[in-house]
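Worksheet: one structure, shown below.
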Amino acid sequence: MSVTQGQGRPFRGALVGCGFFARNHLNAWRQIPGVEIVALCDTNADRLRGAAEITPGARLYASAAAMLRAETLDFVDVATTVASHRPLVEQIANAGLHCICQKPFANSIEDARAMVEACASAGVRLMVHENFRWQAPIRAVRDVIAGGEIGRPFWGRVSFRSAFDVFTGQPYLATDERFIVQDLGIHIIDIARCLFGEVADLSATTQRINPRIRGEDVATLLLRHEAGTTSVVDCSYSTALPEELFPQTLVEVDGTDGTLRLGADYRLTVHRRGGETRELRCDPPMHGWSQRPWHNIQDSVVNIQHHWIECLRSGAEPETSGRDNLKTLELVDAAYSAARSCATLRLCA
Ligand code: NAD
Ligand code: 89V
């Protein structure tokens, strides 16, 4: 695609997978200038009809192949669950179209590499819809670190602890073999990469506390970053707190010149060693379609999709390109391996 395409007319997109989360993609597309969703696809007719209510006028398809044959598109946004990602992304790349793919990008690193390769060979852009790093409070934390106010970060914690019922809206989360690291930890690991850089090594433990689900619902990771920072990534869906914070990610960073704390309710405290302390409110904006408590995630969907359109216009590589996301996915796999084969030093007799 030439970089000027889409400037004279809106970019034409289609969405495949009109389920639980897709309505956020569709609502976000509606408010981003320069893009039009012209076609929707789902194998489930009810879901397709539901999505059509958000995007009236879009043409409807039960098959991605039929849609790709019939439509003239610039990009396709894949919001299906992980099992269908590789065949869909490969079809889209073979059709010469740019592609967004929801997280988790793939069930295996081999599948993920094949998708990156398919898009590279076809000369199309690929972005993984890894939206948590696009949340307003996470961007604020990243900006404070980048501004140098707290010096070099030497320790961090990125934490997501909740007892929110995610299983009613997303029943597959209760039945998949892998749960919290693959579904939610993947975001929290990606935030740790975004804030502290690439990871040299990690150790991990996982637990299943909720007996009604198949996979693990608690995970604790210790990461050593290449730049020297040590970080803790901890996630739980079995943590009943007096105040339910879903879906807030809390962040602590200790730097050589100060500290920052992203606490409950999007309050960010930045303290300079021996000096001032300032408080920032990082409340994510509400959009006309936002619903608490999801509004933080919903706003991040607007931000990442806006970024995608800017990248299509400028020709820049998306921040969470397929290639970039391989690194997050490798850490997910490494966490499961480390948790399985935990090499521990026994200190008691
Ligand atoms: P879902 O099961 O509710 O919806 C998926 C839809 O895709 C279904 O309607 C299904 O019929 C359709 N589908 C599956 N294969 C298809 C195919 N080959 N062709 C056409 N349609 C097909 O799932 P969901 O909860 O909406 O999750 C979708 C993805 O979004 C998952 O990968 C999930 O991890 C991710 N997700 C991300 C966030 C986030 O904040 N980033 C939040 C929730 C879910
Ligand atoms: O963001 C997600 O991927 C969701 C949830 C926040 C519920 O874990 O599945």
Indicate whether any N or O donor in one side chain lies under 3.5 Å from an N or O acceptor in the other, for T328 and E130.
-> no
Can you tell if the side chain of L221 reaches within under 4.5 Å of the side chain of V232, non-hydrogen atoms only?
-> no
N-O pairing of R125 and E317 below 4.0 Å | yes
Roughly how far apart are R152 CZ and I145 CD1, rounded to 0.5 Å?
-> 12.5 Å
Do T259 and V253 come close enough that some side-chain heavy atom pair is under 4.5 Å?
-> no
SG on C18 to CG on D46, rounded to 0.5 Å | 11.5 Å
Does a donor on one side chain sit under 3.5 Å from an acceptor on the other, for H287 and N27?
-> no
Quick one: do R224 and D201 make a salt bridge, cutoff under 4.0 Å?
-> yes
More than 12 heavy atoms of other groups within 6.0 Å of R323 CZ = no
Honestly, is R214 close enough over F179, meaning NZ or CZ under 6.0 Å from the six-membered ring centre and within 45° of the axis?
-> no
Side-chain contact, heavy-atom cut-off 4.5 Å: W308 with D77?
-> no
Verify same cluster id: I309, L26 (apolar side-chain graph, 4.5 Å) = yes
Using a strict cut-off of less than 4.0 Å between a Lys/Arg side-chain nitrogen and an Asp/Glu carboxylate oxygen, indicate whether E279 and R267 qualify as a salt bridge.
-> no
Mark yes or no for whether S314, through its side chain, and E310, through its backbone, hold a donor-acceptor pair below 3.5 Å.
-> yes
Main-chain N/O of T81 paired to S84 side chain as donor or acceptor, under 3.5 Å | yes
Side-chain donor-acceptor contact under 3.5 Å, D324 with S321 | no
Could you tell me whether the side chain of C99 reaches within less than 4.5 Å of the side chain of V78, counting heavy atoms only?
-> yes
With distance as the sole criterion, is a donor-acceptor pair present between the side chains of D234 and T220 under 3.5 Å?
-> no
For the hydrophobic clusters of this structure (ILVMFWY residues joined by side-chain heavy atoms under 4.5 Å, transitively), does one cluster hold both Y336 and L326?
-> yes
Check whether the side chains of S238 and N210 place a donor and an acceptor atom closer than 3.5 Å, and report yes or no.
-> no
CG on D299 to CD1 on I304, rounded to 0.5 Å = 12.0 Å
Answer with yes or no whether the side chains of Q182 and N107 bring together a donor and an acceptor at under 3.5 Å.
-> yes
Could you label the plane-to-plane angle of the F75 and W29 rings as parallel, tilted or perpendicular, counting under 30° as parallel and over 60° as perpendicular?
-> tilted
Note: R47-D42 ion pair, threshold 4.0 Å (strictly below) | no
Taking NZ, NE, NH1 and NH2 as the nitrogens, is one of them in R261 or E252 under 4.0 Å from a carboxylate oxygen of the other?
-> yes
What are the two closest heavy atoms between V89 and C119, and how far apart are they?
-> CG1-SG, 3.9 Å
Salt-bridge present (E53, R49; N to O < 4.0 Å) = no
Got a salt bridge between R278 and E149, using NZ or NE/NH1/NH2 to carboxylate O under 4.0 Å?
-> yes
Do you know which two heavy atoms are closest between L245 and A264, and how far apart they sit?
-> CD2-CB, 3.8 Å
Pairwise side-chain contact, R12 with T72, heavy-atom cut-off 4.5 Å (strictly under) = yes
Once you round to the nearest 0.5 Å, how far does CZ of R86 lie from OG of S108?
-> 7.5 Å
Under 3.5 Å donor-acceptor, D217 side chain and I209 backbone | yes
Hydrophobic cluster membership, Y266 vs I297, 4.5 Å side-chain cutoff = no
Should V16 and F21 be regarded as members of a common hydrophobic cluster, given that ILVMFWY residues are connected when their side-chain heavy atoms come within less than 4.5 Å of each other, either directly or indirectly?
-> no
Would H295 and S290 count as having a side-chain donor-acceptor pair, cut-off 3.5 Å?
-> no
Give a yes or no on whether F164 and I188 share a hydrophobic cluster (residues Ile, Leu, Val, Met, Phe, Trp, Tyr; joining criterion: side-chain heavy atoms under 4.5 Å apart).
-> yes
Could you verify whether a donor N or O on one side chain and an acceptor N or O on the other, from H225 and T230, lie under 3.5 Å apart?
-> no
Is there a side-chain contact between E71 and Y61, using heavy atoms and a 4.5 Å cut-off?
-> yes
Return yes if some donor-acceptor pair links the side-chain N/O of Q207 with the main-chain N/O of E216 below 3.5 Å, else return no.
-> no
Can you tell me how far CD of Q305 sits from CZ of R30, rounded to the nearest 0.5 angstrom?
-> 13.5 Å
Inspect the contact between R142 and E319 and indicate whether a charged nitrogen and a carboxylate oxygen are less than 4.0 angstrom apart.
-> yes
R133 versus H187: any side-chain heavy-atom pair under 4.5 Å?
-> no
Between CD1 on residue I186 and SG on residue C235, distance to nearest 0.5 Å | 11.0 Å
For E117 and S121, test the side chains for any donor-to-acceptor distance below 3.5 angstrom and give the result as yes or no.
-> yes
Could you check whether the rings of H129 and H25 sit parallel, tilted or perpendicular, using 30° and 60° as the cut-offs?
-> parallel
Pairing of R178 and D333 as salt bridge, 4.0 angstrom limit | yes
Looking at the rings of F160 and Y237, which for Trp means the six-membered one, are their centres under 6.0 Å apart?
-> yes
Is P247 close to P293 at the side-chain level, that is, under 4.5 Å between some pair of heavy atoms?
-> yes
Exam field: side chain Q135 to backbone P137, donor-acceptor pair closer than 3.5 Å | no
Any Lys/Arg nitrogen of R9 or D74 sitting under 4.0 Å from an Asp/Glu carboxylate oxygen of the other?
-> yes
Verdict with reasoning, R281 to D265, per salt bridge (charged side-chain N to carboxylate O under 4.0 Å, His left out) | CA-CA 9 Å; R281 291 304 305 252; D265 302 326; over 6 Å; no
